[in-house]
Number of protein chains: 2
Amino acid sequence: MTVPRVGSRREQILATAAALFAKHGFHGVSIAELGAAVGISGPALYRHFPGKEALLAELLVDISERLEAGGRERAAGSAGSPREVLEALVDFHVAFALREPELIVVQDRDLDNLPDADRRRVRRLQRTYVEIWVDTLQRLHPGLDAERARTAAHATFGLLNSTPHSGSRAAPEEVAALLRAMALASFRAL
Amino acid sequence: MTVPRVGSRREQILATAAALFAKHGFHGVSIAELGAAVGISGPALYRHFPGKEALLAELLVDISERLEAGGRERAAGSAGSPREVLEALVDFHVAFALREPELIVVQDRDLDNLPDADRRRVRRLQRTYVEIWVDTLQRLHPGLDAERARTAAHATFGLLNSTPHSGSRAAPEEVAALLRAMALASFRAL
DNA sequence: ACGCGCTGTTAGCAGTCGTTAACAGGCCGG
DNA sequence: CCGGCCTGTTAACGACTGCTAACAGCGCGT
């Protein structure tokens, strides 16, 4: 019994890769280093992944799918006023950024080290995630044109994704509350 | 007469390197590619720079010095209320981020590809720049503790530095005005 | 006119990278 | 007990990298 966590090695490798890629960049981490960091050495990684790029692809496709799904979920039912939806989106995003800062870093740093097919997929997911925010902002502020809404959405992502940059020795909930409040306040400028 | 732009090649190389590093990352650009992009080929770059790392160092030291100097200048004379100083800082930073988005990208993406001495220097400059913002925020909001002020400063940098991410087909002045307004509005949450 | 410094070239070297090949031990179903 | 799969090892290959060496044309001061 007690299935020995099928794919537990895989997940360990993915988590370690996320941390190392975030710290040194995709090209700055060798297969040998990554292997050593999980206790195996070098080419053993090829028992779990077809190659280095595939590893990055799995990380980035996964994070962009989770963001898009989370955004869609909170914006869907059209239940809730635009303001409530926007608050839910902010809460979701800030929680994500605080929980997995490495993935946030890797996603916009190493996107173009992906093979073409995966990069297109990730780009499309990112675009639809942005559009969820744009639609919500436009419903909240009728008359706001799409271009400005898009700029505002990206600005908010930059604000919320700033967690990896600040040392943030403070408690995560306090940081989350502060970023949430700043993001929502910034929308008053629209 | 008409000095033939002493160092014009140097500056051309630096500008091209900034663009390429921003697009593909430091490790993603080879000396040969960089040479080809400026019309010379490969090792000719060593006539102008002692090495690849020195090139990156010059870019990053330069940008962090300019940011620190610009921030210090606008915060110095203690002329102006804290709110005026803060508005000047925002204007300065957003103009910088819009004028040289590649440098913004390279600075936080490839900082740790610098040789130790240069990285320490850049880190120190960045720290004092942040502290200028922290001090101003604390003068504006007495009772705001330094940790929260630091988080808020980083969040504002993320917001203002979002320009490279959004396509921003709009006119730069409009984007600048929007980001400025959002940044200043976000401070109301403090 | 001469020589030198500046800026460019090509050839080649040493090191590192991702990846494949060949091999081996452990576990588990028949 | 046996045979295969899973997961690991080390050795080696080819490609590419940053960098150096050796050489050459050009322009300018004396």
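A, B, ... follow the sequence lines: proteins, then strands. Residue 1 opens every chain.
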S.K.: Glu53(B) CD to dT17(D) C1': how many Å, rounded?
M.R.: 13 Å
S.K.: Starting at OH of Tyr46(A) and ending at C1' of dT10(D), how long is that distance when rounded to a whole Å?
M.R.: 15 Å
S.K.: Could you give the CZ-to-C1' distance, from Arg10(B) to dC6(C), as a whole number of Å?
M.R.: 14 Å
S.K.: Consider the side chain of Pro43(A), meaning its heavy atoms from C-beta on, and name the nucleotide among dT10(D), dT7(C), dT20(D) that approaches it most closely.
M.R.: dT10(D)
S.K.: Between dC6(D) atom C1' and Leu45(A) atom CG, what is the distance in whole Å?
M.R.: 15 Å
S.K.: As a test of reading the structure: which of dT7(D), dT7(C), dG18(C) is closest to the side chain of Arg9(A), going by heavy atoms?
M.R.: dT7(D)
S.K.: Between Glu33(A) and Arg47(A), which is nearer to the 5' end of DNA chain C once each is assigned its nearest nucleotide?
M.R.: Glu33(A)
S.K.: Would one find a side-chain N or O of His27(B) under 4.0 angstrom from OP1 or OP2 of dT17(D)?
M.R.: no
S.K.: Grab the CG-P distance between Leu34(B) and dT17(D) for me, whole Å please.
M.R.: 13 Å
S.K.: Check every strand shown and say whether Val38(B) touches a base, only sugar-phosphate, or nothing at a heavy-atom separation below 4.0 Å.
M.R.: nothing
S.K.: Taking 4.0 angstrom as the limit, do Arg119(B) and Asp116(B) come out as a salt bridge?
M.R.: yes
S.K.: Assess whether a salt bridge exists between Asp135(B) and Arg139(B), defined as any Lys/Arg side-chain N lying under 4.0 Å from an Asp/Glu carboxylate O.
M.R.: no
S.K.: Which of these nucleotides, dT20(D), dT9(C), dG18(C), is closest to any side-chain atom of Ile31(A)?
M.R.: dG18(C)
S.K.: Is the distance between the ring centroids of His93(B) and Phe157(B) under 6.0 Å?
M.R.: yes
S.K.: Between Glu68(B) and Arg72(B), is there a salt bridge with N-O shorter than 4.0 Å?
M.R.: yes
S.K.: Is any side-chain N of the basic residue among Lys23(A) and Glu102(A) closer than 4.0 Å to the acidic one's carboxylate O?
M.R.: no
S.K.: Base, sugar-phosphate alone, or nothing: which one does Gly42(A) contact when heavy atoms must sit under 4.0 Å apart?
M.R.: nothing
S.K.: Could you state the atom-to-atom distance from CZ of Phe49(B) to C1' of dT7(C) in whole Å?
M.R.: 14 Å
S.K.: Within this structure, what is the NZ-to-P distance between Lys52(B) and dG18(D), rounded to whole angstrom?
M.R.: 4 Å
